[in-house]
Protein chains: 2
Amino acid sequence: MPLPLIDLLWRDHPDAPTGGRRGPRARVTTGSVLDAALRLADADGLAGVTVRHLAADLGVSTMSVYTHVNSRDDLLVLMVDAAHLRMERIPHGRAGWRSRVRRVAEANLALIQQHPWLLDVVDDRSALGPGTIAKYDHELEALEALGLEDTDRDAALTFVLDFVRASARALRPQPRAGEMAEHWPEWGPRLATYLGDDHPLARRVGAAAGEALGGPGSPSHAWDFGLTRVLDGLDALSSGGRP
Amino acid sequence: MPLPLIDLLWRDHPDAPTGGRRGPRARVTTGSVLDAALRLADADGLAGVTVRHLAADLGVSTMSVYTHVNSRDDLLVLMVDAAHLRMERIPHGRAGWRSRVRRVAEANLALIQQHPWLLDVVDDRSALGPGTIAKYDHELEALEALGLEDTDRDAALTFVLDFVRASARALRPQPRAGEMAEHWPEWGPRLATYLGDDHPLARRVGAAAGEALGGPGSPSHAWDFGLTRVLDGLDALSSGGRP
DNA sequence: GAGTACGCCGTACAACGTACACTGTTATAG
DNA sequence: CTATAACAGTGTACGTTGTACGGCGTACTC
């Protein structure tokens, strides 16, 4: 049986237990399993990360994967922490907090667009891993100039990162988009019939939002809009409430 | 084969196709399948909503479910729209936009806490259903006094609702919480060893946030904090940018 | 050289969504 | 009145998933 999750997360730390040295040499390691899992997830999404696929990619039998990882759920946690560990951490420099936070948001958006499967992992246990903790530490620094007490500082970071996650989900090409477009010639008129003259506001705003989504200009209006809202919302903290 | 999804969503509309009248009378309907599915989901979560369980609850065979619903994915879309349809829609009255938006947020939080499985449905096709459209219309009204153009009005609502979804996810009792607590006596000291003196900021803020989470006072500091941030962020729109 | 810890593997099981072929029932067409 | 077509419902079966269990062979320790 592999080591507990906490030790697998910190497997590269000098104090991490190594286990005995007997028996045949391992042909794969937890690290190489993770490398393969990340490749698979980036290519085929989380659903493509099955234990069997993983084992085939590694050239071992299905059950051998469980020698290096306790369960698929644990694997996902390890993957998230690995992605966080590899994330580039740009020094904050002398920029003001607004630029800092903006860069944190953009870096997280880039991370999720590079690894869209991050949106599909709901397990929070990666918070115990070296990558996630380092990321947390670095991003907390961005909020320094806001002068918040600790609980608010954590809440502010959560606020920013939750916005990024939601926006990234909206920006992600929906798997159903193709199916929707396919059925639209049939469904569109039918929906118009059902709606009739009801909900004129929803119809007007929905149409405008739909057009803007596929239209020219910025790839996502909602991202710019939301990010400015986030920054202005935090701004109200340091400028002593609303005027 | 059942009707296409768009017609199932609008099954209660007068213009909805009813299908022929031949054959034995249906012992269950799309509506009763949904009722059972909602009960199951509220009780056991989305994972408890299996076609077999559903059929057993309804007293029919497994495959009979597919007479009234095209697929499990479609079922989830119908469930979401049904939940949106049954949501109470409080008139906005004469309240200012801040109170209106606050109430929209609180109503959505209540909705998700009543039906936590809503967080697990990622399919956006419910946007075509009567419940989701009525909800959209009603919530857009809350933003009237902000004087936004249509695309911004949609973006603002998305901004609010995304915040609610993320907060609701954080407030939801994590399925892993029990397991974490169980392993904590073993993992806590180990984590302390690994961390050593690194990341003092993350350790301090993380500890404060962790304490606040289980501590006395408001059930969630992050909710109050974030909601005020959301409102202040929107406020900056109407007060003409930051001072 | 004996014992043991360990990597690896084959088989097997329960659960899932659902395709398919079928039976039986009922309203309609001739 | 009968033949037909449309429909609700069922049983079986397939492919896929995660993973428990027991066995086999290897390499280190005594």
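Every chain is numbered from 1, with letters handed out A, B, ... down the list of sequences.
Mapping heavy-atom proximity under 4.0 Å, the span of DNA chain C touched by chain B runs 5' to 3' from dC16(C) to dA27(C).
In this structure, His68(A) places its NE2 atom 17 Å from P of dT19(D), rounding to the nearest Å. In this structure, Arg72(B) places its CZ atom 17 Å from P of dT17(D), rounding to the nearest Å. Rounding to whole angstrom units, CG of residue Leu54(B) and P of dT10(D) are separated by 13 Å.
Side chain of His138(B) to backbone of Ile90(B): a donor-acceptor contact under 3.5 angstrom is found. Panel note: side chain His68(A), backbone Val28(A); a donor-acceptor pair is recorded below 3.5 Å. Put simply, the side chain of Ser32(B) gets close to the backbone of Thr29(B): a donor and an acceptor are under 3.5 Å apart.
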Exercise. What string of B, S and - do you get for nucleotides 22-30 of chain D 5' to 3' if you count protein non-hydrogen atoms under 4.0 Å?
Worked result: ---BBBBS-

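Contacts between residues 26-49 of chain B and DNA chain D, defined by a heavy-atom separation under 4.0 Å, are made by Ala26(B), Arg27(B), Val28(B). Near-neighbour residues of DNA chain C inside residues 56-66 of chain A, defined by a heavy atom below 4.0 Å, number-ordered: Val60(A), Ser61(A), Met63(A), Ser64(A).
Taking the six-membered ring where the residue is Trp, His13(B) and Trp10(B) present perpendicular rings, their angle passing 60° and hence far from 30°. Note: Phe225(B) and Phe159(A) have perpendicular aromatic rings, judged against thresholds of 30 and 60 degrees for the angle between ring planes.
Nearest approach of Leu128(A) to Leu191(B), heavy atoms of both residues: O-CD1, 3.5 Å.
Using a 4.0 Å cut-off between a side-chain N of Lys or Arg and a carboxylate O of Asp or Glu, Arg176(A) and Asp124(B) do not qualify as a salt bridge. Ion pairing of Asp137(A) with Arg204(B) is absent here, as no side-chain N (NZ or NE/NH1/NH2) approaches a carboxylate O to less than 4.0 Å. Ion pair Arg125(B)/Asp74(B) flagged as a salt bridge, since at least one NZ, NE, NH1 or NH2 atom sits closer than 4.0 Å to an Asp/Glu carboxylate oxygen. Under the 4.0 Å criterion applied to side-chain N and carboxylate O atoms, Arg72(A) and Asp123(A) are not assigned as salt-bridge partners.
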Give the table of side-chain donor-acceptor pairs shorter than 3.5 Å for residues 109-118 of chain A, with sequence neighbours excluded, one pair per line with atom names and distance.
| from | atom 1 | to | atom 2 | distance (Å) |
| --- | --- | --- | --- | --- |
| His115(A) | ND1 | Asp42(A) | OD1 | 2.7 |
| His115(A) | ND1 | Asp42(A) | OD2 | 3.2 |
| Trp117(A) | NE1 | Asp42(A) | OD1 | 2.7 |

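Glu139(B) and Asn108(B) share a donor-acceptor pair across their side chains, judged by distance under 3.5 Å alone.
Residue pairs meeting the salt bridge (charged side-chain N to carboxylate O under 4.0 Å, His left out) criterion with at least one partner in residues 12-29 of chain A, sequence neighbours excluded, are absent.
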